[in-house]
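So that the names make sense, note that chain A is the first sequence line, chain B the second, and so on, each numbered from 1. Just so we're clear, the structure is a prediction, and the values are computed from it rather than from any experiment.
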Amino acid sequence: MQDIIKNKKQSKNALRIVEKTIPVLLFAAAFVSVITTVGIVFTLIGETIMFFREVSFFEFYSGTVLRPLSPVDPQFSILPLIMGTLMTTLIAVLVAVPIGLTTAIYLSEYASKRARKVLKPMIEVLAGIPTIVYGFFAFTFVTPVLRDVIPGLSATNALSPGIVMGIMIIPLVASLSEDAMNSVPNSMREGAMALGATQLEVTFRVVIPAAISGIIASFVLGISRAIGETMIVTIASGSSKNFTFDITQSMQTMTAYIVEVTSGDAAAGTPIYYSIYAVAMTLFVFTLTMNMLARYISKRFREVY
Amino acid sequence: MATTLRKNREIKIENKLNEEPVSKDNKVIYDTRGLNLWYGETQALKNIDLPIQENHVTAIIGPSGCGKSTYIKTLNRMVELVPSVRTTGEILYRGKNIFERSYRVEELRTRVGMVFQKPNPFPKSIFENVAYGPKVHGIRDKKILKDIVEKSLKGAAIWEEVKDRLNENAYGLSGGQQQRLCIARCLAIEPDVILMDEPTSALDPKSTLKVEELVQELKKNYSIVIVTHNMQQAARISDKTAFFLNGEVVEFDQTDRVFSTPQDLRTEDYITGRFG
Amino acid sequence: MATTLRKNREIKIENKLNEEPVSKDNKVIYDTRGLNLWYGETQALKNIDLPIQENHVTAIIGPSGCGKSTYIKTLNRMVELVPSVRTTGEILYRGKNIFERSYRVEELRTRVGMVFQKPNPFPKSIFENVAYGPKVHGIRDKKILKDIVEKSLKGAAIWEEVKDRLNENAYGLSGGQQQRLCIARCLAIEPDVILMDEPTSALDPKSTLKVEELVQELKKNYSIVIVTHNMQQAARISDKTAFFLNGEVVEFDQTDRVFSTPQDLRTEDYITGRFG
Amino acid sequence: MKQPEMKQEEYIDLDLVNRKMNKRLMLNKAVKYLFLVSTFIGLVVLAILLYRVAMDSAGWIDWQFLTDRLSSNPEIAGIRGAITGTLWLMLIVGPVTMILGISTAIYLEEYAKRGRLHSFIQTNIANLAGVPSIVFGILGLTVFVRMFGFGASVIAGALTMSLLVLPIVVVSAQEAIRSVPGFLREASYGMGATKWQTIKNVVLPASIPGIATGVILALSRAIGETAPLVVLGIPALLIPVPSGPMDNFTALPMQIYYWTIDAVLVHEYANLAAATIVVLLLVLFILNSLAILIRAKFQKRY
Amino acid sequence: ACGEGEEGGTSEEAATSGAEETDGNNTEENNNEAGEELSGTVAIDGSGTVYPLMARIAEEFMINEQEGVSVEVSRAGTSAGMQRFVNGETDLSNASREIREEEIEELEANGIESREYKVALDGLTIVIHPDNDWANEMTEEEIKEIFVTGNITESDEIMWSDIRSDWPDEQVNFYGPNENHGTNEFFVEEIIDEQDLVQTINLQQEYSTLVTLISEDENAIGFFGYGYYANNTDELEAVAIDFGDGPVEPSLDTIEEDGEYGPFTRPVFTNLSINSAQEKPEVKAFAEYVFEVADDLAGDTGFAPLPEEELNEQLEDVQSIQ
Ligand SMILES: Nc1ncnc2c1ncn2[C@@H]1O[C@H](COP(=O)(O)OP(=O)(O)OP(=O)(O)O)[C@@H](O)[C@H]1O
Ligand SMILES: Nc1ncnc2c1ncn2[C@@H]1O[C@H](COP(=O)(O)OP(=O)(O)OP(=O)(O)O)[C@@H](O)[C@H]1O
Ligand SMILES: [Mg+2]
Ligand SMILES: [Mg+2]
Ligand SMILES: O=P([O-])([O-])[O-]
């Protein structure tokens, strides 16, 4: 046997070449993701610069009036869009975080194995529904229902898509939080239970503190998902570019603005056209920051055990 | 095999004893009667009868997988955390059947502390670890908590080592210190019985020694059930020893007798190192 | 402690021996010289000198964490799978330093088989498990492969049990069978040395016995290094025993001597069960 | 050892503990039900949503709808083109993300040294996962549609989607590779196998279920995405069915989008949109069941 | 032209594989006599307003005329479509406004010759809530006045009673498509003479949003193309406009350039690339078809047809392209 192996020296050499080339190929593949990021930055940066040649950086980030299409006096300020984005995101987070977290707690700490096996995939279906469907749902169902309760609510508003976006990201928050809680070793739960703690006390005083980094990271990911969500707000939030806190009125998010302009009338070379790149760039930086934050948080708050 | 002989107990407890004993000294605190336990389809404990006496150290030995952990976890019903578990028979704790519907398991666990194989402190400060139990049970008073923490840490013979770093994370401690911290945590709720599942198996020799000494010390005030795979340890520290095999109690007697004149061939095989 | 005495070896090897031996019977196949090993910052092996003889069974004993596994994994450089590992010193395998740059680790591992603590068959058929090694080394011929598989399974004393189910998944076997399958898998490349890291610690008594018998059998053709925490086992099956403590070799001698007249107090403490 | 006199019940008043126990147990129970209710909120919304879609689509899904081509007449309109377009997308996105994703994962898990480069690529992938899909749309428009001159073809859409879902595949493949137990690798190395042999023969086969699950999840994300396609400029009216990667195409979510916004002109379009949603959900459901099935079937055999 | 009953490439394979062969033949002869089978693609983009009509025509063309030709209609909007047209990406570009000077220059610079054709007429419709029983009729002047900023009150918070004193004392809510739409441009440029719209107006991108908003607001008044009203008569009511000869309801009959609703009527356009028409017979065939059927199909999609003569003139113009 060892002799046969010796005799296979020939193929050994071929093997060595394979061993050498494979990592190179794999690295090339891994680099595609880097190229993608570079690609995104390059696509956005050129046009963004063009935009800031025509519109002052200061005005863009400090003004409150966005009237890109006005033939007489176009004004570019991203604040109304940021406000729209923040408002819808805030609402979404207010829906998704409590429901997502309690769902995670229920699944991870209370539910029987069988119940979890049934409930978890069902909840995850929520994440699989195309956002366009949610948009439709928000506009034709949630808004009318809400209007029965809230008289002043406009047919397009920030509230309804915010809520629906929240529902959409429940599974994300629930899933990731549940993972974080599941990875808390059982020995810790046992330690607490052996002291006579109830399930609730175990959960809130041991499991959640131990899983907090993962839980917060899930919130942050949920937030960045909400920030980047497009179709729900495009359909259900209208296109008013008001700088307002009034969530009962139509608002526009950064993403919806990009859809409006790209599917609209903007001619290349005009400030409107360039403005979508400046908005996209801002959006990119926003989500980038959120992700960095998520990573920082999971590192910073990771409990050692 | 070097067996450290212990002072003989006056009263010989019959294996499979069923009558309640009378003398205070050998009062049965935990009485297991006809206990069977299944994980799903597989039976892990078979018709266990085992009286555990107050202020004794009862050692449970046996090869891996024989059901030692399962049994000790049944004593505080921790085994029920495994969803598929089913039991028949009864365990009387101070005369009350812990499997009864009305029996509140949290109350049981307040009386019966547990120390695990791997030290499992919470990822909190040393202080918070020890204070956890009292806090859960409603003690809020800072001063009382401080007293309890100090007393428990002293009881677990770790006070001197940690008194200056009570606010540091428990994971900064060595394994042996962590294990003693867990014992302190368990003492903080002033239990009646302490269950220990191979408490030294993850520890180095020196820490092992410390914990063993501690067990001897604690015996004065607590009843202790200790699982161990280290026969020398069982011989050194326990008053009574139960030998488990395949979910059954093969032999249960005074420790010195189990190690010097085992009644069952399988026990002999095991303690002479034929298997395990 | 029951020690099975083995026929005395003629030549007493000095601990920390440095000269190459001459007689065939005690030819040193692996010579470890001044080996240090670090995992990141922590040193796991400290200045190890250990000559391992051909066609002997060398047992390595010691408490948990003393570096037994680390050492045995260093012998076939498997320890390098941990990224932060750093070594100094040398290990000569048949006179060549395995840490040398030009040394091809795959070749080394082809000569030196390894059996692990937990049986680790591949999630493939029994046949494929045994044929894995030969295939990796370029043997494609169906007939040759079949012969190798049969021979190896026979060598591992498991052929009779599995010959009718060679195409079934290896995970259908019992733990003991799996472990013997892993030994067969290792025999398939006809190694020179077999390293075993607590090969029976996850097995039941019966399977343990089988594997022990097998080791005795294999000794005729292979040099074997076996790590075990079971001192009785070391005493039963090995010719030489090295006692590790905190990454150091405290004692290395003929097995009977280590167990009957240990030179070092720590060895004595350990084998009399003071710790571990 | 100094032994303080430990008297029982010195601090812990058992009566008090027992009295508090009632409250604690009750709270525990109450909260448990609260959490259960909360868990069901999402499901209730899901049920309403599905019910409404089902009602709107009732009577509109039939063989003709599935197999006919697009038309502005709702009575004869079908989604054969959109279905085919979506299938084409999957056909390209699947292999592309699988190859790129697995390669990246292997590189990161098995080859890359844990250092700057490794953490740079890893961070980069995590960031890409958070980039809004519409930004990927802009990237695709600039690079694939314009620069490469693919137009709004299947290949341009598929490549855009591939980049969009790549992080999903990479992360799940990484997880799958990581969860291949070390002892399997050791067994292979122990036989003298080289690194690539070990990866090819042991690591990849063992991680296939995890990878497959990741690819399926990535696919279901890809076929549900609308925003990038809107930016790419998929034609609203496209009657021919795409027959190759270079053909122009439309996909199910685009059809839903256009029919939704045009329902204001022809009310029946709302029904067509709902019917298309049902079809899309059905595809997603099948994909997800497949993922669950794979997960269950191959769950930890070692 | 009639392709009916002929064996066209029903399957997609036939459609594309046939493409190359016939393509070669046609460019040689460069004619497209009736009955000849064409293949290839006609790419159209541009106005979302014109889209329904053009999509309808394209569909009829593919069913009844040339099964082998794929007409792809996109709806990026007038200007965005024009951008693609200028780059030579499309063969026709729909527009809800006339081509701009800069666009013509760019076309010239790119060597593309194009011609602008009218396709149909759209009547700008003023809509209100169906429960609104006071503002069913308004004068042209009233419309022009109330939609302009600062005309009635400084704050642009206008009460119905500010318009006519017997109307309710409730605030008017204005709605309309945003500047992304040619409709907005037409309204501002042609109806209110480039004055600014009231500040309180709610401008939206999607017509579906507008229809919903107005249908749920009793004090709403809004404007958009006739098609969006015609398909939502249950939820909306059109204001009859008095252009001086009594109130006129917008309808397919009244929307004519010289019709009673004339002042609020605008043409919608398509721009044809002459280069494409010369090189690709299918483009020319389709362009001809547009003017053959525009009058039949306009009504179905909410447009009024152009006068017969005008269509014929344009048809001849297309036919004359060599
Ligand atoms: N959660 C579980 N589900 C199913 N079977 C289990 C579970 N836990 C233990 N078992 C089985 O029950 C039997 C007894 O297990 P147990 O852990 O009590 O053994 P043990 O004596 O403590 O062993 P060790 O010395 O290895 O800790 C074993 O066969 C084990 O496989
Ligand atoms: N991958 C690793 N990274 C860092 N430290 C390690 C690693 N593996 C082992 N060690 C450390 O090296 C020391 C020796 O470990 P090793 O596994 O060799 O012990 P062992 O004698 O085999 O113990 P056991 O009987 O428990 O298997 C221990 O202190 C351990 O914590
Ligand atoms: Mg155990
Ligand atoms: Mg080891
Ligand atoms: O989409 P428009 O026709 O209004 O430009």
Given that the side chain runs from C-beta out, which part of [X] has a heavy atom under 4.5 Å from chain D: side chain, backbone, both or neither?
X	value
C/Lys135	neither
C/Arg185	both
C/Phe122	both

Write down the atom of [X], the atom of [Y], and the distance for their closest heavy-atom approach.
X	Y	answer
C/Val136	D/Ala193	CG1-CA, 3.5 Å
C/Tyr132	D/Thr198	OH-CA, 4.0 Å
C/Met78	D/Glu186	CE-O, 2.8 Å

Any non-hydrogen side-chain atom of D/Thr194 less than 4.5 Å from a side-chain atom of C/Glu106? yes
Just wondering, do D/Met191 and C/Ile189 contact through their side chains at under 4.5 Å, heavy atoms? yes
Could you tell me which residues satisfy side-chain contact (heavy atoms from CB on, under 4.5 Å) with D/Leu50, sequence neighbours excluded, listed by chain and number?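 Residues passing side-chain contact (heavy atoms from CB on, under 4.5 Å) with D/Leu50: D/Leu46, D/Leu281.
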Determine yes or no for a side-chain-to-main-chain donor-acceptor pair under 3.5 angstrom, with C/Asn120 supplying the side chain and D/Phe183 the backbone.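 Present.
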Only distances under 3.5 Å count here; give the side-chain donor-acceptor pairs of residues 112-121 of chain D to other protein atoms, sequence neighbours excluded, each with its distance to 0.1 Å.
unit_1, atom_1, unit_2, atom_2, d
D/Arg114, NH2, D/Leu108, O, 3.1
D/Arg114, NH2, D/Glu109, O, 3.1
D/His118, NE2, D/Leu108, O, 3.1
D/Ser119, OG, D/Arg116, O, 3.2

